[in-house]
Amino acid sequence: ENSNIRVFLNSCRHRGMKVCRADRGTATEFTCPFHGWTYSNSGNLIGVPFFRNAYGEEMKKENWGLKEIRNVQNYGGFIFASWDPVVPTLDEYLGDLRWYLDILINRPLGGIEVLPGQQRYKCVANWKLAGENFVGDTYHLRSSHASVYALENIRQISPVIHAAPDHMYSVAFENGHGLTGIEYTGERYRMDLQIAREMGSDVVDYIEESHRRMEETLSQAQAKVHSLSFGHVFPNFSHNSFSAFRPIGLYLWHPKGPRGIEAWQWCGVDRAAPEVVKDMVRVDFTRTQAAAGIAAQDDTENFEEVTEATVGVIGRSLDFNYQMGMKKDYQKNMPDFPGDLSPYYSEYNQMGFYRAWSRLMGV
Ligand code: FES
Ligand code: FE
């Protein structure tokens with residue numbers, strides 16, 4: 001009926017069946033497959049089979065529309081919704097994280113295009129393990145993903161291999177969000193330019209233009225960061241990007257009880273990237289972060305086996321160690337970079353993630 005984004009509980013008011021079973025697309029109305037009630041895309045119940053015979057005059061259709069989430073906010077195309085009407089605004093909730101998300105959102109010259117297809121898989125693990133992994137665990141990369149690093153012919157991974165840990169930091173924010181592997185000397189941009197030069201002048205132009213636009217519309221400091229590494233928006237939205245030649249990976253971790261995650265993930269690419277770059281990104285995502293990709297399998301194996309090994313009586317009684325990188329003298333020389341900074345190898349972000357969780361859970 002209009003172009004506003006509206007969000008509904010996908011559950012028929014008759015017996016609760018899912019009324020929409022497609023992951024993407026457009027529709028003006030939704031017919032429930034169970035008994036055929038039909039809703040408009042503004043949530044109103046507009047059709048009930050055999051209405052007169054089945055319900056007579058008793059039934060008031062206007063009382064049986066889809067349940068709508070009223071609190072919907074949009075940040076750079078990312079839609080957030082909350083059932084709770086009194087939560088803070090999205091701007092307040094994200095806080096300084098926005099400075100970094102703006103890099104993710106604004107470097108793509110044509111905006112982020114989400115490639116068709118949503119990947120889903122299940123994993124027998126606690127969802128917080130995925131959260132803490134993305135919020136700050138750079139420490140696992142070399143051992144868990146050793147096989148990725150061993151593939152020297154994946155040249156677009158080189159910015160990650162060659163960046164020096166001393167030139168990268170982790171950053172935590174209020175409300176449990178965090179990012180790690182933020183390179184602040186411009187090295188990621190230089191690496192991208194180097195790759196671009198091997199690929200031709202149109203690719204060089206593309207990288208230079210997106211850098212120039214970041215300097216103009218954001219700031220010098222943001223342009224120097226060039227590309228986020230990976231991070232997590234509390235409670236369950238993760239992303240990774242690393243370089244203009246790598247996918248913008250978007251991940252939602254849906255908890256299915258304490259020992260189950262259903263991962264939903266998408267591959268993002270700059271809509272305006274040269275075709276050769278888009279292809280590279282798509283293949284990279286399939287090869288590394290898809291459910292059967294080499295990196296995702298490393299991570300989910302960890303999540304599942306940590307869960308399995310710690311679920312028993314003794315396992316539960318033991319503390320984990322989160323002492324890494326707790327020295328907090330890191331921030332003082334970096335006034336241009338907002339947030340709560342800590343070293344590349346640090347577990348400060350993970351502590352913030354669990355602090356936010358325990359605050360909400362009252363534990
Ligand atoms: Fe939808 Fe019955 S559950 S029409
Ligand atoms: Fe990993």
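In each ligand, atom 1 is the first atom listed, and ligand 1 is the first ligand listed.
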Fill in: Arg70: partners by side-chain contact (heavy atoms from CB on, under 4.5 Å), with sequence neighbours left out
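Arg70 satisfies side-chain contact (heavy atoms from CB on, under 4.5 Å) with Glu68 once adjacent residues are dropped.
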Fill in: 2.8 Å cut-off (strict), protein N, O or S atoms about atom 2 (Fe) of ligand 1
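Of the protein's nitrogen, oxygen and sulfur atoms, 2 lie under 2.8 Å from atom 2 (Fe) of ligand 1.
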Worksheet item: Tell me, which protein N/O/S atoms are under 2.8 Å away from the Fe ion (ligand 2)?
Response: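 Short answer, with waters excluded from the count: His140 NE2, His145 NE2, Asp299 OD1, Asp299 OD2.
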Fill in: Carboxylate-amine/guanidinium contact Asp284 Arg287, below 4.0 Å
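Judged by the 4.0 Å cut-off on N to carboxylate O distance, Asp284 and Arg287 do not form a salt bridge.
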Discussion item. Clusters formed by hydrophobic residues whose side-chain heavy atoms approach within less than 4.5 Å: which one holds Leu66, and what are its other members?
Written reply: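 Result for Leu66 is Phe8, Val19, Phe30, Trp37, Tyr39, Leu45, Val48, Phe51, Tyr55, Met59, Trp64.
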Worksheet item: What class does the angle between the rings of Tyr100 and Tyr169 fall in, given that below 30° is parallel, 30 to 60° is tilted and above 60° is perpendicular?
Response: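 Perpendicular, since the angle between the ring planes exceeds 60°.
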Worksheet item: NZ of Lys128: more than 12 outside heavy atoms within 6.0 angstrom?
Response: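 Above 12, so yes.
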Worksheet item: Is the number of heavy atoms from other residues, nucleotides or ligands within 6.0 Å of CD (Glu308) greater than 12?
Response: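 No, the 6.0 Å shell around CD holds no more than 12 heavy atoms from other groups.
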Worksheet item: Can any side-chain N or O of Lys122 pair as donor or acceptor with the backbone N or O of Ala263 at less than 3.5 Å?
Response: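 Side chain of Lys122 to backbone of Ala263, a donor-acceptor pair under 3.5 Å: no, none is there.
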Worksheet item: His167 side chain to Thr185 main-chain N or O, any donor-acceptor pair under 3.5 Å?
Response: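 No: the side chain of His167 does not pair with the backbone of Thr185.
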Worksheet item: Atom CG of Asn126 and atom CD of Glu132: how far apart are they, to the nearest 0.5 Å?
Response: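 Asn126 atom CG to Glu132 atom CD measures 9.5 Å (nearest 0.5 Å).
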